[in-house]
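Single-structure report; data block below.
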Protein chains: 2
Amino acid sequence: MNPLDAAGRLVRDALGEGEICGTCGSRVAGLCRPLDAATLDDVLAEAEHVTFAARDHLFQEGDKAGHVFTLVTGTAKLVRLLPDGREQVVGFRFAGDVVGYTPSGTYPFAAQLLTAATVCRLDRRRLDSLMRSYPALERRFLDLCIQELTATQDQLVTVGRRTAEARLAAFLLSLAESGRQRHLPGPVLDMPMTRADIADFLGLTLETVSRSFTAFRRRGWIREPSHGRVELLQRQALTELIDGDAD
Amino acid sequence: MNPLDAAGRLVRDALGEGEICGTCGSRVAGLCRPLDAATLDDVLAEAEHVTFAARDHLFQEGDKAGHVFTLVTGTAKLVRLLPDGREQVVGFRFAGDVVGYTPSGTYPFAAQLLTAATVCRLDRRRLDSLMRSYPALERRFLDLCIQELTATQDQLVTVGRRTAEARLAAFLLSLAESGRQRHLPGPVLDMPMTRADIADFLGLTLETVSRSFTAFRRRGWIREPSHGRVELLQRQALTELIDGDAD
DNA sequence: CGTGTTCTTGATGATCATCAAAGGTGGTGG
DNA sequence: CCACCACCTTTGATGATCATCAAGAACACG
């Protein structure tokens with residue numbers, strides 16, 4: 001299970017890819033797909049299409065949960081804050097993923113963009129009434145949520161029981177899996193997150209992450225052709241590190 | 001958020017407590033409450049009432065997900081296995097909690113009992129057809145799942161960013177919160193898990209957990225009147241450890 | 001071209017894992 | 001009822017992993 005994007009991916013897979021959104025001209029949000037054409041129009045009339053700059057927040061932890069977002073382009077991190085100001089990244093979200101659905105009144109984490117992005121934003125009350133009309137939509141969210149729960153449990157295993165290098169290996173492989181799920185071809189992966197973001201995701205310091213990257217590079221396991229990109233040259237080695245370095 | 005039992009607790013809170021199950025004579029499973037009397041009878045006719053011994057498994061990781069369980073009495077741990085045989089405990093479940101709902105075909109983790117237990121077991125297909133008839137039931141599961149997701153994210157923060165003692169403090173406080181939610185009065189908490197179970201939950205070794213318990217005892221923060229019980233004498237100190245020791 | 005951010009690398013030390021052994025507790029059967 | 005045994009817990013000694021502190025290099029951006 002891929003801790004990075006199981007949630008969004010599930011919707012995407014279940015709903016099909018590559019659809020063109022009648023309203024915003026980009027790939028249809030995972031949310032809309034199970035609706036018939038008339039209702040789809042209805043929903044999309046309500047959905048706003050907004051652009052954000054890198055580092056903007058879609059919402060802060062504790063904000064009133066007024067919207068559900070779908071990333072059309074760009075990447076975001078989901079962050080929980082600690083009392084002392086440090087952060088734990090609880091997940092990353094990519095183009096096509098749904099962000100910010102919660103039945104409670106406030107968001108339990110912040111969503112901050114790593115890149116400039118365009119999002120489809122749907123009013124929360126509108127979605128709730130849609131869910132009442134279309135139980136299939138609710139079912140979709142349940143499936144999505146359980147996938148995400150499973151992914152978070154996987155991440156708990158990684159953070160709780162693996163060495164620094166094994167954690168990074170798990171991260172890189174999940175990043176590759178995430179790209180594969182989005183049908184992104186080619187061996188080179190986009191990696192818009194900084195070493196600090198990765199460290200906050202893996203429960204490490206940025207120095208340790210950097211050293212692990214260096215180690216992988218020196219061993220010829222990965223290549224970084226440019227800033228923000230990686231290529232996995234020895235997946236087998238990364239996999240063995242995860243399975244074996246656990247003891 | 002309490003990582004121990006948010007899932008079960010939510011259902012319990014939403015559905016009320018202390019109901020007597022017409023079929024099994026014990027507190028009604030959270031699942032059944034939103035149903036009208038006729039349907040409730042219908043469901044309970046299908047539910048089996050089973051007893052297990054301590055250390056029995058309700059199911060193993062990867063088993064076909066044939067049933068949903070509600071703990072009537074007893075405590076269970078939810079466990080993911082690593083390739084080398086070590087475990088990560090992803091949660092604990094107490095009387096009244098629901099265990100083992102997953103939309104996928106197999107359980108993503110094992111559920112092993114810490115104590116002897118009685119459970120209400122409901123066939124998965126039966127539940128699915130019920131959910132089709134009663135969207136409110138599905139909604140219940142969605143709320144429950146998001147609560148559990150939030151709890152798991154909290155646990156990720158604890159395991160990823162806190163010291164050994166702060167992790168144990170967080171565990172003890174969540175145990176107390178869990179007892180409070182179940183309306184268990186009195187200052188002394190049941191703690192049926194071993195040091196090894198706690199270690200596997202917190203991403204530590206059992207020795208480190210034991211040393212932290214000893215440290216708390218010496219400082220007068222906790223008391224263990226007997227095996228399997230704790231009393232928190234200085235919650236304030238435990239809370240400050242969590243908030244402050246994070247840096 | 002300069003400035004701020006990110007990344008790398010090194011030196012040092014703290015936290016926690018590991019290895020080891022002994023004391024405690026509960027359960028079982030003689 | 002006692003004794004034995006398995007399991008759990010505690011405590012100590014040692015060392016590895018990773019955090020911290022520090023400084024310089026590479027890079028992006030204006």
Side-chain angles (χ1 to χ4, degrees), chain A residues 53-55 77 82 84-88 112 114-116 158-169 171 191-219 222-230 241 244-247, chain B residues 53-55 77 82 84-88 112 114-116 158-169 171 191-219 222-230 241 244-247:
Chain A
R55 295 164 191 245
K77 62 175 177 179
L82 284 98
D84 64 355
R86 291 183 312 162
E87 328 189 313
Q88 175 74 39
Q112 182 176 19
L114 303 179
T115 64
T158 292
V159 170
R161 304 267 96 169
R162 295 202 232 260
T163 64
E165 289 193 359
R167 292 185 214 185
L168 182 60
F171 167 75
M191 188 176 60
M193 49 291 285
T194 66
R195 308 273 125 129
D197 293 330
I198 298 168
D200 286 338
F201 183 57
L202 298 178
L204 298 169
T205 60
L206 68 90
E207 293 94 331
T208 298
V209 170
S210 179
R211 280 184 244 270
S212 300
F213 266 106
T214 302
F216 288 180
R217 247 185 284 114
R218 286 211 222 284
R219 291 173 210 154
I222 65 170
R223 199 171 69 87
E224 293 185 275
S226 69
H227 183 76
R229 290 164 178 279
V230 228
L241 186 58
D245 197 359
D247 77 349
Chain B
R55 295 164 191 242
K77 60 175 178 180
L82 285 98
D84 64 356
R86 290 182 313 161
E87 327 189 315
Q88 175 74 39
Q112 183 175 18
L114 302 179
T115 64
T158 292
V159 170
R161 304 268 97 169
R162 295 202 232 259
T163 63
E165 289 194 0
R167 291 185 214 184
L168 182 60
F171 167 75
M191 188 175 61
M193 49 291 283
T194 67
R195 308 272 124 130
D197 292 331
I198 298 167
D200 286 338
F201 183 55
L202 298 177
L204 299 168
T205 60
L206 68 91
E207 292 94 332
T208 298
V209 170
S210 178
R211 279 185 245 269
S212 301
F213 266 107
T214 301
F216 288 179
R217 247 185 282 115
R218 286 210 222 284
R219 291 174 210 153
I222 65 169
R223 198 170 70 88
E224 293 185 275
S226 70
H227 183 76
R229 290 164 178 277
V230 229
L241 186 59
D245 197 358
D247 76 351

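Chain identifiers are assigned alphabetically (A, B, ...) following the order of the sequence lines, protein sequences preceding nucleic acid strands; residue numbering begins at 1 within each chain.
Evaluation of the side chain to side chain contact (heavy atoms under 4.5 Å, CB included) rule for A215(B) yields E165(B), R219(B) as partners, not counting sequence neighbours. Every residue two or more places apart in sequence or in another chain was checked for a side-chain hydrogen bond (donor to acceptor under 3.5 Å, both in side chains) with R229(A), and none qualifies. Residues meeting the side-chain hydrogen bond (donor to acceptor under 3.5 Å, both in side chains) test with T115(B), sequence neighbours left out: none.
Spacing between atom CD1 of I198(A) and atom P of dC7(C) amounts to 8 Å, rounded to whole angstrom units. Summarising the geometry, the separation between CZ on R167(B) and C1' on dT15(C) is reported as 10 Å, rounded to the nearest angstrom. Nucleotide dA19(D) holds its C1' atom 15 Å from the CG atom of L202(A), rounded to whole Å. Put simply, CD on E165(B) is 13 Å from P on dA17(C), counting in whole angstrom units. Between the CG atom of D197(A) and the P atom of dT5(C) there is a distance of 15 Å, given to the nearest Å. A straight line from CE of M191(A) to P of dT6(C) spans 14 Å, rounded to a whole angstrom. We find that CZ of R161(A) is positioned 13 Å from P of dC18(D), with the value rounded to whole Å. Atom CZ of R162(A) is separated from atom C1' of dA17(C) by 18 Å (rounded to the nearest Å).
Relative to the axis of its first five pairs, the axis of the last five pairs of the helix from dC1(C)-dG30(D) to dG30(C)-dC1(D) sits at 50°, rounded to 10 degrees.
Going from atom OG1 of T158(A) over to atom CG of L168(A) covers 11.0 Å, rounded to the nearest 0.5 Å.
Residue-level contact check: G228(A) touches neither bases nor backbone, having no heavy atom under 4.0 Å from any strand.
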* Asked: Between L241(A) and F216(A), does a side-chain contact (heavy atoms from CB on, under 4.5 Å) hold up when you go through it step by step?
  -> CA-CA 11 Å; L241(A) 186 58; F216(A) 288 180; 3.7 Å; yes

* Quick one: do M191(A) and F171(A) satisfy side-chain contact (heavy atoms from CB on, under 4.5 Å)? Show the steps, please. => CA-CA 11 Å; M191(A) 188 176 60; F171(A) 167 75; 4.2 Å; yes

Donor-acceptor pairs are to be reported for all side-chain atoms of residues 197-213 of chain B against protein atoms at under 3.5 Å, with residues two or more places apart or in another chain.
unit_1, atom_1, unit_2, atom_2, d
D197(B), OD1, K77(B), NZ, 2.7
D197(B), OD2, T194(B), N, 3.1
D197(B), OD2, T194(B), OG1, 3.3
D200(B), OD1, R161(A), NH1, 2.9
T205(B), OG1, T208(B), N, 3.3
T205(B), OG1, T208(B), OG1, 3.1
S212(B), OG, T208(B), O, 2.9

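Closest heavy-atom contact between E224(B) and V230(B): CG-CG1, 3.9 Å.
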* To do: Could you run through nucleotides 5-11 of chain D and give me one letter per nucleotide, 5' to 3': B if any protein heavy atom sits under 4.0 Å from the base, S if only the sugar-phosphate is that close, - if neither?
  => --SSSBB

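For R162(B) (side chain) and R167(B) (main-chain N/O), no donor-acceptor pair under 3.5 Å exists by modelled atom type.
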